[in-house]
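Reviewing the structure listed below.
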2 protein chains.
Amino acid sequence: MTTERIGRPLKNALAHAELIAMLTAVTGEEPRVMTVRRGDALPSGPFELGHRSLQSGLREWVSEQTGHPVGYLEQLYTFADRDRSPEERARRTISISYLGLVREQAAPGAGKPGWHGWYEYFPWEDHRRSRPDHLATITDQLRAWSEAERLRHEHRQRRIDFAFGLDGAPWNEEFTLHRYELMYEAGLVVEAGAAPDRATGQPMFADHRRILATGIARLRAKIKYRPVVFELMPENFTLLQLQRTVEALAGLTLHKPNFRRLIDQQELLEETGAMSSESGGRPAKLFRYRHAVLEERALSGSKLPLSRH
Amino acid sequence: MTTERIGRPLKNALAHAELIAMLTAVTGEEPRVMTVRRGDALPSGPFELGHRSLQSGLREWVSEQTGHPVGYLEQLYTFADRDRSPEERARRTISISYLGLVREQAAPGAGKPGWHGWYEYFPWEDHRRSRPDHLATITDQLRAWSEAERLRHEHRQRRIDFAFGLDGAPWNEEFTLHRYELMYEAGLVVEAGAAPDRATGQPMFADHRRILATGIARLRAKIKYRPVVFELMPENFTLLQLQRTVEALAGLTLHKPNFRRLIDQQELLEETGAMSSESGGRPAKLFRYRHAVLEERALSGSKLPLSRH
DNA sequence: TCCTTTATACTCAAAATGAGTATATTTAGA
DNA sequence: TCTAAATATACTCATTTTGAGTATAAAGGA
């Protein structure tokens with residue numbers, strides 16, 4: 001392909017390819033991400049000749065850097081940057097990011113390796129207890145930024161209201177990436193030059209926090225129409241555990257009776273027969289995911305008004 | 001990042017980066033894709049140092065190779081292959097594919113440049129008139145392939161039934177990619193070594209037909225929850241034209257009254273005041289897309305049973 | 001004029017959703 | 001031992017959203 005088309009020097013097209021993983025688990029009702037270094041970078045490494053595919057290359061890096069096995073893996077996004085190191089200005093890096101879902105290994109020191117809670121990096125994204133106080137700080141600063149520019153003010157203001165659920169708009173948990181990008185654009189986060197601040201969360205290396213935001217947004221959207229939560233659950237679990245996991249991901253609380261109705265409408269689960277009495281109150285039935293579903297139910301709710309004939 | 005982690009030779013990570021575009025328009029109730037060469041390849045070109053970003057690089061290639069401007073653009077998928085040409089075995093190519101939506105320019109010779117109907121490449125995907133006859137040919141061959149292997153037979157059979165809507169399963173228009181991949185795996189398509197056959201559609205260069213299938217699947221899914229169809233519509237249009245466009249993409253017919261109800265529930269349109277009498281019968285009102293919606297309504301239907309507090 | 005074609009407006013039953021209530025079973029402790 | 005607190009689970013009920021179909025209006029052409 002490359003060779004047969006255009007007469008430009010091929011060297012122009014050479015680039016580094018970097019694989020980056022956003023690995024997520026939910027433990028103790030807290031969604032976590034696997035990190036390296038001091039919790040400020042995602043596992044990553046170059047794509048090499050020895051790798052059979054992008055996916056398998058990524059798996060190798062993750063296993064080398066974290067020792068953690070990876071099950072479910074899906075591509076997130078690919079982006080390009082001019083290399084940062086001075087001697088390489090003339091070269092590009094292409095970063096291919098993946099979202100991985102795992103069951104956290106209870107083994108080594110409980111949450112040791114490099115697991116950090118999502119909400120350390122995004123304190124404003126957890127609305128389970130209430131609207132986080134920090135949000136006011138953030139939106140005030142955004143307002144100020146918005147007003148600083150006469151011309152785009154109105155447009156910016158609408159983007160802010162919409163992304164953060166102000167002025168009548170509801171909070172939408174899926175807009176994680178929009179929110180982060182607005183904050184970045186406004187220079188509120190450390191990665192964009194701001195001073196560290198509790199309200200704006202832990203910063204990360206390069207654009208890793210943006211990748212994390214992308215993964216969160218993707219996962220929050222996906223749990224609604226595809227049964228991916230089960231990648232994060234242990235073999236057997238109670239309905240409340242399942243609900244708490246979804247709530248942890250969405251950063252929202254759910255209506256219990258309706259959540260249960262939704263679950264058994266879908267017929268995704270089967271009872272194991274055993275009970276769990278770990279939770280204090282009345283013992284709960286244990287369920288397991290019906291693996292048969294994996295094939296049948298890659299379900300996709302038809303939202304089109306079909307006509308039969 | 002690359003430099004600070006591991007002591008491997010960086011050369012290993014060098015690769016070609018190739019940008020590939022699946023550009024779609026809908027004209028005369030037929031969804032089309034922009035091609036180059038003799039209709040067997042998608043516009044593409046290497047990512048170069050001069051390109052500001054992946055997107056802008058792609059825009060330049062498309063405009064150079066087809067002369068067609070591109071509006072809406074979204075990333076599809078990134079994959080890697082060992083280079084095919086013998087002298088480059090030792091190098092990788094990374095292909096980054098995009099989906100673009102455009103209004104076909106009526107200008108040069110009506111559908112001339114390189115526009116080809118989707119269904120030339122995927123004749124089995126158009127169910128607007130009826131289930132295509134070719135489908136039986138295809139599924140018969142798949143059955144045979146499935147039975148050829150004792151062990152995986154049952155599993156394969158379920159995949160086939162599910163993907164093609166056999167044995168009680170409904171036809172799901174979103175499974176375009178699954179279907180193509182099954183056919184590829186079974187060696188039914190020319191790209192996988194089969195002899196050309198009207199039932200299995202026009203083949204394409206390298207994996208371009210797979211990219212096309214990916215784009216079709218993505219677009220068919222997306223029109224259900226995000227107002228992207230309008231990228232394909234002219235400024236003013238009738239409700240039936242809108243319906244026909246959606247039908248062309250989905251390869252299905254829709255229920256007219258319910259389609260209209262759906263549309264005006266969403267309040268996506270406004271009347272222009274003018275009428276269209278091009279269609280034979282009673283003249284229809286002309287509508288236009290409410291551009292204000294673009295910001296407000298990046299809507300995402302909450303399918304989670306929220307609890308208020 | 002009347003038939004064909006397309007546009008638009010309603011109707012109605014069934015299913016899905018949002019919100020809340022009522023009744024079991026446990027454990028912890030007064 | 002009895003009670004309260006914490007869960008678990010089962011229902012109810014009004015509202016909205018779908019799926020499917022019918023009825024009426026306005027054009028053009030035989």
Side-chain angles (χ1 to χ4, degrees), chain A residues 29 170-173 223-225 236-247 250 252-287 297 299-309, chain B residues 28-29 170-173 223-225 236-247 250 252-288 297 299-309:
Chain A
E29 308 195 357
W171 171 263
N172 189 326
E173 84 283 359
I223 45 174
K224 292 180 184 164
Y225 61 92
N236 303 313
F237 49 85
T238 70
L239 292 179
L240 190 58
Q241 281 168 5
L242 182 63
Q243 182 179 341
R244 294 290 179 237
T245 303
V246 174
E247 289 177 334
L252 291 172
T253 54
L254 306 182
H255 182 112
K256 184 145 91 172
N258 290 350
F259 178 78
R260 298 164 96 99
R261 180 174 61 189
L262 191 74
I263 292 300
D264 68 38
Q265 271 174 355
Q266 316 220 71
E267 298 184 297
L268 299 169
L269 305 183
E270 59 193 8
E271 301 186 10
T272 64
M275 306 286 278
S276 158
S277 46
E278 311 203 342
S279 47
R282 169 177 168 181
K285 288 183 188 161
L286 281 170
F287 291 83
R297 198 72 59 77
L299 44 29
S300 60
S302 171
K303 273 271 188 179
L304 289 178
L306 298 182
S307 83
R308 321 263 164 220
H309 57 191
Chain B
E29 306 194 0
W171 172 263
N172 188 326
E173 84 283 359
I223 44 175
K224 292 179 184 165
Y225 61 93
N236 302 314
F237 49 85
T238 70
L239 292 178
L240 190 58
Q241 281 167 4
L242 182 62
Q243 182 179 340
R244 294 289 181 239
T245 302
V246 174
E247 289 176 335
L252 292 171
T253 53
L254 306 181
H255 182 112
K256 183 146 90 173
N258 290 350
F259 178 78
R260 298 164 98 98
R261 180 175 60 189
L262 191 73
I263 293 299
D264 66 40
Q265 270 174 355
Q266 317 219 70
E267 299 184 297
L268 299 168
L269 306 182
E270 58 193 9
E271 301 186 11
T272 65
M275 307 286 278
S276 159
S277 44
E278 311 204 341
S279 48
R282 169 176 168 181
K285 287 182 187 161
L286 282 170
F287 292 83
R288 81 167 71 89
R297 198 72 60 78
L299 45 26
S300 59
S302 171
K303 273 271 186 179
L304 290 178
L306 299 183
S307 83
R308 321 263 164 219
H309 56 191

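Just so it is clear, the structure is predicted and the values come from calculations on it, not from any experiment. In what follows, chains carry the letters A, B, and so on, assigned in the order in which the sequence lines appear, proteins first and then strands, with residues in each chain numbered from 1.
Rounded to whole angstrom, the span from the CG atom of B:Leu254 across to the P atom of D:dG21 amounts to 15 Å. Rounded to whole Å, the distance from CG on B:Leu269 to C1' on C:dA7 is 15 Å. Here the C1' atom of nucleotide C:dA16 and the CD atom of A:Gln266 are 12 Å apart, to the nearest Å. For the pair B:Met275 CE and C:dT6 P, the interatomic distance rounds to 16 Å; values are reported in whole Å. The interatomic distance linking A:Phe259 (CZ) with D:dT9 (C1') rounds to 15 Å, in whole Å. Distance A:Leu304 CG to D:dG19 P: 9 Å, rounded to the nearest Å. Across the protein-nucleic acid pair, A:Asp264 atom CG and C:dT17 atom P stand 13 Å apart, rounded to whole Å.
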**Asked** Is there a side-chain contact (heavy atoms from CB on, under 4.5 Å) between A:Leu240 and A:Lys256 once you walk through the steps?
**Response** CA-CA 8 Å; A:Leu240 190 58; A:Lys256 184 145 91 172; 4.1 Å; yes
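Residue B:Lys285 is in sugar-phosphate contact alone, with no base atom involved, counting any heavy-atom pair closer than 4.0 Å across all strands shown.
In this structure, the side chains of A:Ile263 and A:Phe287 stay at 4.5 Å or more apart for every pair of heavy atoms.
In terms of modelled atom types and a separation under 3.5 Å, the side chain of B:Gln243 and the main chain of B:Leu254 share a donor-acceptor contact. At least one donor-acceptor pair closer than 3.5 Å links the side chain of A:Thr272 to the backbone N or O of A:Leu286.
A donor N or O paired with an acceptor N or O is not found under 3.5 Å between the base of D:dA26 and the side-chain atoms of B:Arg282.
Each of A:Asn258 and A:Pro283 has a nearest nucleotide on DNA chain D; the 5'-most of these lies closest to A:Pro283. For the pair A:Arg261 and A:Gly281, nearest-nucleotide mapping onto DNA chain C gives the more 5' position to A:Arg261. Residue-to-nucleotide proximity on DNA chain D shows that, of A:Pro257 and A:Thr238, the 5′-proximal contact is made by A:Thr238.
When each of C:dA7, D:dA27, D:dA8 is scored by its nearest atom to the side-chain atoms of A:Leu240, the top-ranked nucleotide is D:dA8. Distance from the side chain of B:Lys256 is smallest to C:dA7 among C:dT17, C:dA7, D:dA20. Nearest to the side-chain atoms of A:Arg260 among the listed nucleotides C:dT17, C:dG20, D:dA8 stands D:dA8. Listed candidates were C:dT17, D:dC11, C:dA7. Nearest to the side chain of A:Leu262 is C:dT17.
To the nearest 0.5 angstrom, A:Ile223 atom CD1 is 5.5 Å from B:Leu304 atom CG.
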